[in-house]
Amino acid sequence: MERVVLITGANSGIGLALCERLLTEDSQLRLCLACRNMQRAEAARSALLTSHSNAHVDLLQLDVGSVQSVLSAAQEVKARYNRIDFLYLNAGIMPNPQLDLNAFFKGLFSRNVVRMFATAEGILTQQDRLNSDGLQEVFATNLFGHFLLIRELEPLLSRLVWTSSSNARRSAFSMEDMQHREGRESYSSSKYASDMLSLALNRQKNSQGLFSSVICPGLVMTNLTYGILPSFFWTLIMPVMWLIRIFTNTFTLTPHNGAEALHWLFLQNPESLDPRAKYHSLTSGLGTNYTQPRQMDIDEGASDVLYSKLLELEKEVRRKLSEENADEEISAVK
Ligand SMILES: NC(=O)C1=CN([C@@H]2O[C@H](COP(=O)(O)OP(=O)(O)OC[C@H]3O[C@@H](n4cnc5c(N)ncnc54)[C@H](OP(=O)(O)O)[C@@H]3O)[C@@H](O)[C@H]2O)C=CC1
Ligand SMILES: CC(C)CCC[C@@H](C)[C@H]1CC[C@H]2C3=C(CC[C@]12C)[C@@]1(C)CCC(=O)[C@@H](C)[C@@H]1CC3
């Protein structure tokens, strides 16, 4: 039977590399590339068809950062497919990243140097903003839009895979400020929230046949990472990056390597997976890719609380949207 795989943020980086790898694994797959920009989506589709000329590659317009777009895209998915075998929740942003060079150089000579290169802990901040739905943009894109998509498509789903990050950190997340309006680590907070949500989904939905996993792709050179430093700087330090890679397995560097754990999960029986583990894409000094589970720093109780808070926010957002739609209808009649 033809399997259907939907991937958000599939037009570049790790998402696009995953598409390549999945088509190489199973040429009978039906891939659905869910992207916000249809021109970029078309380009990705053409690239995939160049290497897999008989592949079934569909496109879906989806801006995960917009409530209306998620609801419309979900309607479209329900009209097109009877089921989604794998939903990869991969789209993500890190807007206005700032590298603290002082902390970076201090870190270089500390005991935490390996950890710093693997997680960017303590050296990276972001500046977030409100989107047109009145939500924090990073929270809306990296977490809430995906949550809403899952809620809309639930009867069709069986496997969920989140592209999280080792940058996810408990101390960056606050239940009282789950959107991270106050701090400057919105990326870390949103990724920690996705880890928690994945655990909560497993607790609530495994009995109904829905399984969720999280991965970290390692440090991969993509549009997201190129946004952290000026491009000339990346060109300068690229040889150093490849050198560091010999000593640290988290420097996966290429999108193909970064997609290792996403691909690996595609081949696993969901019952054999650990809901409390994050599956890391790793690359050895000799260039061998492998996947390694590592325990996440998460409380089950807290993950349930986050789940309830997301349900509440969903209600609020839907109510607001229907009020806006009603207002629009009234003014159209006038
Ligand atoms: N690169 C790295 O080192 C790491 C990346 N990650 C995670 O991997 C995931 C993929 O990122 P990566 O491949 O690195 O970076 P890219 O920037 O190449 O890919 C991000 C993808 O998400 C899409 N996207 C962003 N915002 C939206 C939106 N509102 N609606 C729909 N699609 C959207 C982008 O589309 P568009 O082209 O239109 O912008 C793009 O296709 C992210 O979740 C990221 O956080 C995790 C750890 C490390
Ligand atoms: C030799 C150089 C001067 C090295 C440059 C240092 C930094 C630019 C990198 C060191 C650790 C990196 C890192 C990320 C981005 C680039 C660094 C800060 C990520 C935050 C990218 C996105 C993620 O989700 C994380 C898993 C990465 C962790 C490590």
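Keep in mind that the numbers below use all heavy atoms, side chains included, and drop hydrogens, waters and symmetry copies. Atoms within each ligand, like the ligands themselves, are counted from 1 in listed order.
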Legend entry - Residue and atom name of the nearest protein heavy atom (relative to atom 9 (C) of ligand 1), distance in Å to one decimal: N90 O, 3.1 Å

Legend entry - Donor + acceptor pair across side chains of Y279, D274 (<3.5 Å): no

Legend entry - Whether V64 lies under 4.0 Å from ligand 1, heavy atom: yes

Legend entry - Polar atom proximity, G15 to ligand 1 (N or O, under 3.5 Å): no

Legend entry - Atom indices of ligand 1, in the order listed, that fall short of 4.0 Å to a heavy atom of G13: 13 (O), 18 (O)

Inset, instruction - Give a yes/no on ligand 1: does A140 have at least one heavy atom closer than 4.0 angstrom to it? - result: no

Legend entry - Protein contact of atom 5 (C) of ligand 1 - nearest heavy atom, named by residue and atom, plus distance: I14 CD1, 3.8 Å

Legend entry - Any donor-acceptor N or O pair under 3.5 Å, side chains E20, H256: no

Inset, instruction - Assess the side chains of S212 and W162: does a donor N or O sit below 3.5 Å from an acceptor N or O? - result: yes

Legend entry - ligand 1 contact on P217 by region, counting heavy-atom pairs under 4.0 Å: side chain

Inset, instruction - Treating Ile, Leu, Val, Met, Phe, Trp and Tyr as nodes and any side-chain heavy-atom pair under 4.5 angstrom as an edge, say whether V57 and V77 lie in one connected cluster. - result: no

Inset, instruction - Kindly work out whether a path of hydrophobic side-chain contacts (I/L/V/M/F/W/Y, heavy atoms less than 4.5 Å apart) joins F147 to M178. - result: yes

Inset, instruction - Check whether the side chains of T8 and H146 place a donor and an acceptor atom closer than 3.5 Å, and report yes or no. - result: yes

Legend entry - Contact atoms of ligand 1, heavy-atom distance to G9 under 4.0 Å: 21 (C), 22 (O), 23 (C), 41 (O)

Inset, instruction - Assess M221 for proximity to ligand 1: is some non-hydrogen atom of it under 4.0 Å away? - result: no

Give every pair formed by an N or O atom of ligand 2 and a protein N or O atom closer than 3.5 Å, one pair per line with both atom names and the distance to 0.1 Å, or write none.
{"residue": "ligand 2", "atom": "24 (O)", "partner": "S165", "partner atom": "OG", "Å": "2.6"}
{"residue": "ligand 2", "atom": "24 (O)", "partner": "Y187", "partner atom": "OH", "Å": "2.8"}

Inset, instruction - Measure the distances from the heavy atoms of C216 to every atom of ligand 1 and state whether one is below 4.0 angstrom. - result: no

Inset, instruction - Determine whether the side chain, the backbone, both or neither of M94 has a heavy atom under 4.0 Å from any heavy atom of ligand 1. - result: neither

Legend entry - Pick from L18, V70, N37, L224: the one approaching atom 17 (O) of ligand 1 most closely through a non-hydrogen atom: L224

Inset, instruction - State plainly whether the residues D85 and R159 are in salt-bridge range, i.e. N to O under 4.0 Å. - result: no

